[in-house]
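First comes the structure, then the notes that go with it.
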Amino acid sequence: MQRRPLWITLGLLVVAVLYTTSTYNGFMQLEEDVKEAWGQVLNVYQRRADLIPNLVNTVKGYAAHEKETLTQVIEARAKATQIAPEALQNAFSNPQAFAQFEQAQAGLSSALSKLMVVVEKYPDLKANQNFLALQDQLEGTENRITVERQRFNEGVNTYNKTVRRVPGKFIASILGFTERPYFQATTGAENAPKVEF
């Protein structure tokens with residue numbers, strides 16, 4: 001009779017180990033999906049950063065006296081690309097680093113928007129084939145950024161829901177799996193920009 005409780009205990013222990021292992025593997029898979037999505041976000045932001053020097057040089061040839069705007073774009077690009085690669089790779093799991101990254105990218109987007117407004121003053125520049133090609137590439141990259149951020153948020157959503165559900169929540173906290181931050185709309189994005197002529 002004493003062997004039966006031992007078998008039951010061993011059976012429950014095996015079930016608990018199998019469940020924990022399965023849950024852990026599920027968390028790892030979702031975390032890797034989020035890392036992959038984050039890598040794609042970084043990839044498209046890097047593409048945008050790589051396009052900016054050519055864009056600035058092209059505009060500089062036509063709008064040399066718009067030095068302040070060009071300087072803002074160059075400084076915003078430097079700020080967005082100065083974050084260390086190691087910090088970027090793990091920013092998706094560190095809310096402070098993630099917020100710093102997001103703020104730097106928003107600053108670059110804002111500077112690029114100002115540059116595009118300045119370009120409107122120069123019809124010769126708007127007709128330049130090199131500028132038009134760069135502008136198309138930049139617009140395409142901005143669209144890719146939107147798509148990759150959306151995919152990242154979808155991955156984070158699935159991961160966060162899994163980490164927060166019971167009973168997995170208890171295993172997640174024991175094994176160190178925590179919620180990940182989402183990309184958020186920039187402050188003021190809900191307000192339409194004012195256009196004045």
Problem - Heavy-atom check, side chain of Ile174 versus side chain of Thr20, under 4.5 Å - result: no

Practice task
Verify side chain to side chain contact (heavy atoms under 4.5 Å, CB included) between Leu55 and Met116, making sure each step is shown before the conclusion.
Solution key: CA-CA 10 Å; Leu55 183 69; Met116 290 304 149; 3.5 Å; yes

Exercise for the section: Check the hydrophobic clustering (I, L, V, M, F, W, Y; side-chain heavy atoms under 4.5 Å; chains of links allowed) and say if Leu125 and Val56 are grouped together. Expected result: yes

Exercise for the section: Walk me through it: do Tyr62 and Asn128 pass the test side chain to side chain donor-acceptor pair (under 3.5 Å)? Expected result: CA-CA 10 Å; Tyr62 286 87; Asn128 177 286; 2.8 Å; yes

Problem - Glu148 to Val41 - nearest heavy-atom pair and separation - result: O-CG2, 3.5 Å

Handout entry: Closest heavy-atom pair and its distance - Ile83, Ala104
Key = CD1-CB, 4.4 Å

Exercise for the section: Just do the side chain to side chain contact (heavy atoms under 4.5 Å, CB included) check on Arg151 and Gln40 with the steps written out, would you? Expected result: CA-CA 9 Å; Arg151 288 181 181 160; Gln40 284 303 106; over 6 Å; no

Exercise for the section: Measure from the side-chain N and O atoms of Arg77 to the backbone N and O of Ala49, and report whether any donor-acceptor pair falls under 3.5 Å. Expected result: yes

Handout entry: Backbone of Val17 reached by a side-chain donor or acceptor of Thr21 within 3.5 Å
Key = yes

Exercise for the section: For residues Leu132 and Lys126, report the shortest heavy-atom separation together with the two atoms involved. Expected result: CD2-O, 3.0 Å

Exercise for the section: Answer yes or no: are there more than 12 heavy-atom neighbours, outside Glu36 itself, under 6.0 Å from its atom CD? Expected result: no

Exercise for the section: Establish whether Val34 and Met28 are linked, either directly or via other cluster members, by ILVMFWY side-chain heavy-atom contacts under 4.5 Å. Expected result: yes

Exercise for the section: Report yes if the side chains of Thr141 and Tyr45 come closer than 4.5 Å at any heavy-atom pair, otherwise no. Expected result: no

Handout entry: Side-chain heavy-atom pair Lys114, Val73 within 4.5 angstrom cut-off
Key = no

Problem - CD on Gln137 to CG on Asp50, rounded to 0.5 Å - result: 11.0 Å

Handout entry: Side-chain heavy-atom pair Asn57, Lys60 within 4.5 angstrom cut-off
Key = yes

Practice task
Establish whether Ile145 and Val156 are linked, either directly or via other cluster members, by ILVMFWY side-chain heavy-atom contacts under 4.5 Å.
Solution key: yes

Handout entry: Check ion pair Glu102-Arg149 (N to O, under 4.0 angstrom)
Key = yes

Problem - Heavy atoms from other residues, nucleotides or ligands near CD of Glu139 exceed 12 (cutoff 6.0 Å) - result: yes

Practice task
Test side chain to side chain contact (heavy atoms under 4.5 Å, CB included) on Ile52 and Leu108 and set out the steps.
Solution key: CA-CA 10 Å; Ile52 290 171; Leu108 181 54; 3.5 Å; yes

Completion exercise
CG of Asp33 to OG1 of Thr158, rounded to nearest 0.5 Å, is 8.5 Å

Exercise for the section: For Asn25 and Gln29, run side chain to side chain donor-acceptor pair (under 3.5 Å): C-alpha distance rounded to whole Å, both residues' side-chain angles, the deciding distance at 0.1 Å, then the answer. Expected result: CA-CA 6 Å; Asn25 289 338; Gln29 177 64 48; over 6 Å; no

Handout entry: Heavy-atom closest pair, residues Val163 and Glu179
Key = CG1-N, 4.4 Å

Completion exercise
d(Arg165 CZ, Ile171 CD1) to nearest 0.5 Å is 14.0 Å

Problem - Check: Tyr122 side chain, Val59 main-chain N or O, donor-acceptor pair, under 3.5 Å - result: no

Fill in the blank from the handout: d(Leu134 CG, Thr58 OG1) to nearest 0.5 Å is 5.0 Å

Exercise for the section: To the nearest 0.5 Å, tell me how far Leu115 CG sits from Gln135 CD. Expected result: 9.5 Å

Handout entry: Reported CZ-to-CG distance for the pair Arg164 and Asn160, which is rounded to 0.5 angstrom
Key = 7.5 Å

Handout entry: Carboxylate-amine/guanidinium proximity below 4.0 Å for Glu31 and Arg180
Key = yes

Practice task
Begin with the C-alpha distance, continue with both residues' side-chain angles, and end with the deciding distance and a verdict on side chain to side chain donor-acceptor pair (under 3.5 Å) for Arg48 and Gln105.
Solution key: CA-CA 10 Å; Arg48 177 173 75 172; Gln105 293 300 330; 2.6 Å; yes

Handout entry: Glu32 with Lys35: basic N within carboxylate O range, under 4.0 Å
Key = yes

Problem - Qualifying ring pair (Phe, Tyr, Trp, His ring centres under 6.0 Å) pairs, either residue in residues 125-151, two or more places apart - result: none

Completion exercise
Closest heavy-atom pair, Gly168 versus Thr23, reported as atoms and distance to 0.1 Å, is CA-CG2, 4.4 Å

Exercise for the section: Would you please name every residue forming a ring-ring contact (aromatic ring centres under 6.0 Å, His included) with Phe177, sequence neighbours left out? Expected result: Tyr24, Phe27

Exercise for the section: Answer yes if the ring centres of Phe98 and Phe183 are under 6.0 angstrom apart, and no otherwise. Expected result: yes

Exercise for the section: Indicate yes or no for a side-chain donor-acceptor contact from Asn157 to the backbone of Asn153 under 3.5 Å, with no hydrogens or angles considered. Expected result: no

Handout entry: Where Glu142 and Ser109 come nearest, the two heavy atoms and their spacing
Key = OE1-OG, 4.5 Å

Problem - Backbone of Leu18 reached by a side-chain donor or acceptor of Ser22 within 3.5 Å - result: no

Practice task
Anything under 30° is parallel, anything over 60° is perpendicular, the rest tilted; go ahead and classify Phe101 against Trp38.
Solution key: perpendicular

Handout entry: Single-linkage hydrophobic cluster Tyr19~Leu30, side-chain heavy atoms < 4.5 angstrom
Key = yes

Handout entry: Verdict with reasoning, Lys121 to Glu66, per salt bridge (charged side-chain N to carboxylate O under 4.0 Å, His left out)
Key = CA-CA 11 Å; Lys121 298 178 189 175; Glu66 298 289 352; 3.7 Å; yes

